[in-house]
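Got a structure for you, questions after.
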Amino acid sequence: MLVSEPASPKRENTISNPESSPKHSESGTSDESSGTLRHRLLGPSIQKSGQDGVNQAAVSEIIYQASQGSKYFEHQKRKEKELTKKVESIVKQAAKVSNQELEAAEVRVDALIRQYEATRDLTQTIVHVDCDAFYASVEELDHPELKSKPFAVGKGVLCTCNYVARKFGVRSAMAEFVAKKICPELIVLRLNFPKYIEKSNAIRMILSEYDPRHCAMTLDEAYLNITEYCANMNKDREEVVSEMRRRIFETTGLTVSAGIGPNSRVAKIASNVNKPNGQCAIANDREAVMEFMCNLPVRKITGIGYVLERQLLALDVNSCGEIYRKSALLYQIFTDTTMTFLLNCYLGLGSTEVKPIDQYERKSVGCERSFRAISDMAQMKQKLQHVAEDLEKDCKRLNLAGRKLGLKLKKATFEQISRQRPMPRPINTASDFYRYGLQMLEKELPITVRLIGLRITDLVNLSHEGPMKTFLKGQRRHNDRLEDEPSTSMNIHAEFKELFDGSPDMHDDEEIGELVMIIQGSQEEDASGVIDDYRSSAKATAARDIKNEYELQHNTATPLMPVPESESLPLSTDSGDSATALVSCPICGNQVSADDQALNHHVDWCLSRGAIREAVKETFN
DNA sequence: ATACATACC
DNA sequence: TACTGGTATGTAT
């Protein structure tokens, strides 16, 4: 049996077999791909916990039969065929690599490994907390009678399902009608986000006691750094985490699983090991981490999905440890970024910094909607208009505008098209979204679509910019890129009016916060060392430039203010007793500080990250 | 830089 | 009887 490949694993001999490796005879692209097609159709959550005694073959067959002949099915079939081709070409490419090349690659890889190894930080204790079947569990609290029945939450596509349903082979991300074929008595509940948000907040409240700067990724998942807490309380980390989980259960009735390790990557993977309602700790010890990673199937790693897994399997890399055995070969085949990623996985390295989600800079905001396939222009215009309006709402709420607009179309065949173009000025109104979106759409006619989406990038934060600054930014942009539309001062005046009509001005320090985020972001990358140097330095330069620009325009070189709440006073109770008045958040109803900034902060959080939108927006077709 | 693909929840 | 939506990021050209 394969006992560990412990401390000093052997790399596979460079004289590796061009001939003997292909164990899957992928050669018959036509027929043989039906096996992998079934695999593809099974979807992403196949290797997740919860369905032990499931007859996968039977389930797979039902899914196959249920979807056969549909447009979706045909699309998946095409994609699978393409992937199979790509995998075959990779295998061929691998066979051509000479021993000389492999030896050279070995040297390079070893240098990389030493470089990454030097960044290893074992001083922090990171926890990944993951609620078990979150939406379903929340629903069970309200409907205890459901506990014994198979049920799911979602609409059209299942978001999650309880463990009873999983026994049938029902999984998240599965189409509702397929799930009903597998489990005819399946009950499907609609999403009820306000409820989930409330529970999520209750959990986060507890998490905050252990790490006030925890990072809530979604409603049901968060990272914590409990290093300080453990030190302060002089408690063992596993004890701390099980206490935390117990408290979450006692106050919310929900069970969570947790992973504990020296960094986010290890913690995240570990949180799945003893799911549901369990925890798994990996010691902050190099050997322990390496051993944990070694036998891990590559698909368990966040960031390795179906496609990369297929490619790795074809190169005979099944487990993380085999990344090392085959590293010289992988180096010849994958890009630098992917190689860096894979080696960091093999080494069990990852980020040790945890910071609140709202300290990440948003890069884009978009809106898309599916509907029954249409080709009529009037109907498409109507859909586009809806999307444009919804996007405007998000822009107004977030106080953002975009310098680029992207149009996304999904054809009736599920084939996707995306077009992007720079805007003459930052835009954030439905009428602009519609106008420019329509121009892009018209170029694709005739077309039959089942989805239309709009997304803006190159964002401009309008929150606290005075009108003058917006004016300047518009100008600068025009000068930069030899405008595609002449910018008259009339134009800019018109835009200015549009942007600021009826929108509040106030707060003037959030932009500084924004700058801090940018700068911190780049520092983080520098420190972690796993991100390519050129990228972080470019980003740092950009951040400096922005900062300088800011100082220039405001005629002040004030030290950057610390970012809101958590960082400035995590536990301090001294100052501002007067500011502790509480009000109910209009969104989630929780008590939050009435302090203007804190409230705004909270509301923004509450509304953002996509969760509430699904509750608020009805998607009528 | 743009288009398209992959991945995550 | 009808296979999501939002965001980030990687790859290819």
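Chain naming here is simple, since letters A, B, ... match the order of the sequence lines and numbering starts at 1 in each. On a predicted model such as this, the values are computed, not experimentally measured, just so you know. FYI, side chains are in, hydrogens and waters are out, and symmetry mates aren't considered; it's all heavy atoms of this structure.
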Would you call A:K195-A:E139 a salt bridge at under 4.0 Å N-O?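 Yes.
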The side chain of A:K268 is closest to which nucleotide in this list: C:dG6, B:dA3, B:dC9?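 The closest nucleotide is B:dC9.
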Tell me the interatomic distance from A:F134, atom CZ, to B:dC9, atom C1', rounded to whole angstroms.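 It is 13 Å, rounded to the nearest whole Å.
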Where the side chain of A:K363 is defined as all heavy atoms beyond and including C-beta, which of C:dT4, C:dA8, B:dC8 is the nearest nucleotide?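 The answer is C:dA8.
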Taking atom P of B:dC9 as reference, at what distance in whole Å does atom CD1 of A:I269 sit?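 These atoms are roughly 11 Å apart.
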Which residue, A:F334 or A:A66, contacts DNA chain C at a nucleotide closer to its 5' end, judged by nearest heavy atom?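 So the residue in question is A:A66.
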Considering only C:dG6, C:dA12, B:dC8, which nucleotide approaches the side chain of A:R299 most closely?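 Of C:dG6, C:dA12, B:dC8, B:dC8 is nearest to the side chain of A:R299.
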Hey, which sits more toward the 5' end of DNA chain B by its nearest nucleotide, A:I304 or A:E82?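 So the residue in question is A:E82.
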With heavy atoms under 4.0 Å as the rule, sort A:G303 into base, sugar-phosphate or nothing.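 Sugar-phosphate contact only.
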Quick check on C:dA2: is either OP1 or OP2 less than 4.0 Å from any side-chain nitrogen or oxygen of A:R450?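 For C:dA2, neither OP1 nor OP2 has a side-chain N or O of A:R450 closer than 4.0 Å.
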What is the distance, rounded to the nearest whole Å, between atom CD of A:Q311 and atom P of C:dT11?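 It is 10 Å, rounded to the nearest whole Å.
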Can you figure out which of B:dC8, C:dA8, B:dT6 approaches the side chain of A:T302 most closely?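 Minimum distance to the A:T302 side chain belongs to B:dC8.
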Salt-bridged, A:R425 to A:D432, with N to O below 4.0 Å?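 Judged by the 4.0 Å cut-off on N to carboxylate O distance, A:R425 and A:D432 do form a salt bridge.
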Considering only heavy atoms and no angle criterion, is a donor-acceptor pair shorter than 3.5 Å present between the side chain of A:T218 and the base of B:dC8?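 Such a pair does not exist between side chain and base.
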Options B:dC9, C:dC3, B:dA7, nucleotide nearest the side-chain atoms of A:S67: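 Minimum distance to the A:S67 side chain belongs to C:dC3.
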Within 45 degrees of the axis of the six-membered ring of A:F134 and under 6.0 Å from its centre: does A:K199 put its NZ or CZ there?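 No, A:K199 does not sit over the ring of A:F134.
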Tabulate below the donor-acceptor pairs under 3.5 Å that side-chain atoms of residues 301-309 of chain A make, not counting sequence neighbours, or state none.
unit_1: A:Y306; atom_1: OH; unit_2: A:T36; atom_2: O; d: 3.1
unit_1: A:Y306; atom_1: OH; unit_2: A:E80; atom_2: OE1; d: 3.0
unit_1: A:Y306; atom_1: OH; unit_2: A:E80; atom_2: OE2; d: 3.3
unit_1: A:Y306; atom_1: OH; unit_2: A:R310; atom_2: NH1; d: 3.4

Please enumerate all residues that pass ring pair (Phe, Tyr, Trp, His ring centres under 6.0 Å) together with A:F73, with sequence neighbours excluded.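 By the ring pair (Phe, Tyr, Trp, His ring centres under 6.0 Å) rule, A:F73 matches A:Y64.
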Closest to the A:K79 side chain: C:dT4, B:dA7, B:dT6?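 Nucleotide nearest to A:K79's side chain: B:dT6.
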Length of the CD-P vector between A:Q68 and C:dT1, whole Å: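 Interatomic distance, CD of A:Q68 to P of C:dT1: 17 Å.
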OP1 or OP2 of C:dG10 versus the side-chain N and O atoms of A:T338: is any pair under 4.0 Å?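 The answer is no; no side-chain N or O of A:T338 sits under 4.0 Å from OP1 or OP2.
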Contacts of type ring pair (Phe, Tyr, Trp, His ring centres under 6.0 Å), residue A:Y223, not counting sequence neighbours: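 A:Y223 satisfies ring pair (Phe, Tyr, Trp, His ring centres under 6.0 Å) with A:H128 once adjacent residues are dropped.
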Closest approach to the side chain of A:T335, judged atom by atom: which nucleotide of C:dT7, B:dA7, C:dT11 is it?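 Given the options C:dT7, B:dA7, C:dT11, the side chain of A:T335 is closest to C:dT11.
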Nucleotide of B:dA7, C:dC3, C:dT7 approaching A:R362 most closely (side-chain heavy atoms):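 Of the candidates, C:dT7 comes closest.
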Please list, in numerical order, the residues of residues 407-419 of chain A that have a heavy atom closer than 4.0 Å to any atom of DNA chain B.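 A:I417, A:S418, A:R419, in order of number.
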Listed nucleotide nearest any side-chain atom of A:S370, set B:dA3, C:dT4, B:dC9: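 Of all the options, the side chain of A:S370 is nearest to C:dT4.
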Counting heavy atoms from C-beta on, name the nucleotide in C:dC3, B:dC9, C:dG6 closest to the side chain of A:A175.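 So the side chain of A:A175 is nearest to C:dC3.
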Looking at every strand, decide which applies to A:S172 at a 4.0 Å heavy-atom threshold: base, sugar-phosphate, or nothing.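 It contacts nothing in the nucleic acid.
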Closer than 4.0 angstrom, basic N to acidic O: yes or no for A:E74 and A:R78?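 Salt bridge between A:E74 and A:R78, a charged N being under 4.0 Å from a carboxylate O: no.
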To the nearest angstrom, how far is A:Q76 atom CD from B:dA5 atom P?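 After rounding, the gap between these two atoms is 12 Å.
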Please classify the nucleic acid contact of A:I301 as base, sugar-phosphate, or nothing, using heavy-atom distances under 4.0 Å.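 Sugar-phosphate: the residue A:I301, judged by heavy atoms under 4.0 Å, touches backbone atoms but no base.
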For A:F177, enumerate each residue passing the ring pair (Phe, Tyr, Trp, His ring centres under 6.0 Å) test, keeping only those at least two apart in sequence or located in another chain.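 Applying ring pair (Phe, Tyr, Trp, His ring centres under 6.0 Å) to A:F177 gives none.
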Could you tell me whether the phosphate oxygens of C:dG6, OP1 or OP2, come under 4.0 Å of any side-chain nitrogen or oxygen in A:S364?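 So the side-chain polar atoms of A:S364 never come under 4.0 Å of the phosphate oxygens OP1 or OP2 of C:dG6.
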Between atom CE in A:M217 and atom P in C:dA8, what is the gap in whole Å?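 In whole Å, C:dA8 P and A:M217 CE are 11 Å from each other.
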Could you list the residues that satisfy side-chain hydrogen bond (donor to acceptor under 3.5 Å, both in side chains) with A:Q382, not counting sequence neighbours?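 Counting only residues at least two positions away or on another chain, A:Q382 forms no side-chain hydrogen bond (donor to acceptor under 3.5 Å, both in side chains).
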Quickly work out the A:F193 CZ to C:dT4 P distance and round it to whole Å.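 Nearest whole value for this atom pair: 16 Å.
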B:dC8 and C:dC3, which share atom name P, separated by this distance in whole Å: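 Approximately 23 Å lies between the P atom of C:dC3 and that of B:dC8.
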How close or far is atom P of C:dG6 from atom CZ of A:R455, stated in whole angstroms?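 These atoms are roughly 7 Å apart.
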Contact class for A:F73 vs. all strands (heavy atom < 4.0 Å): base, sugar-phosphate, or nothing?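 Touches nothing.
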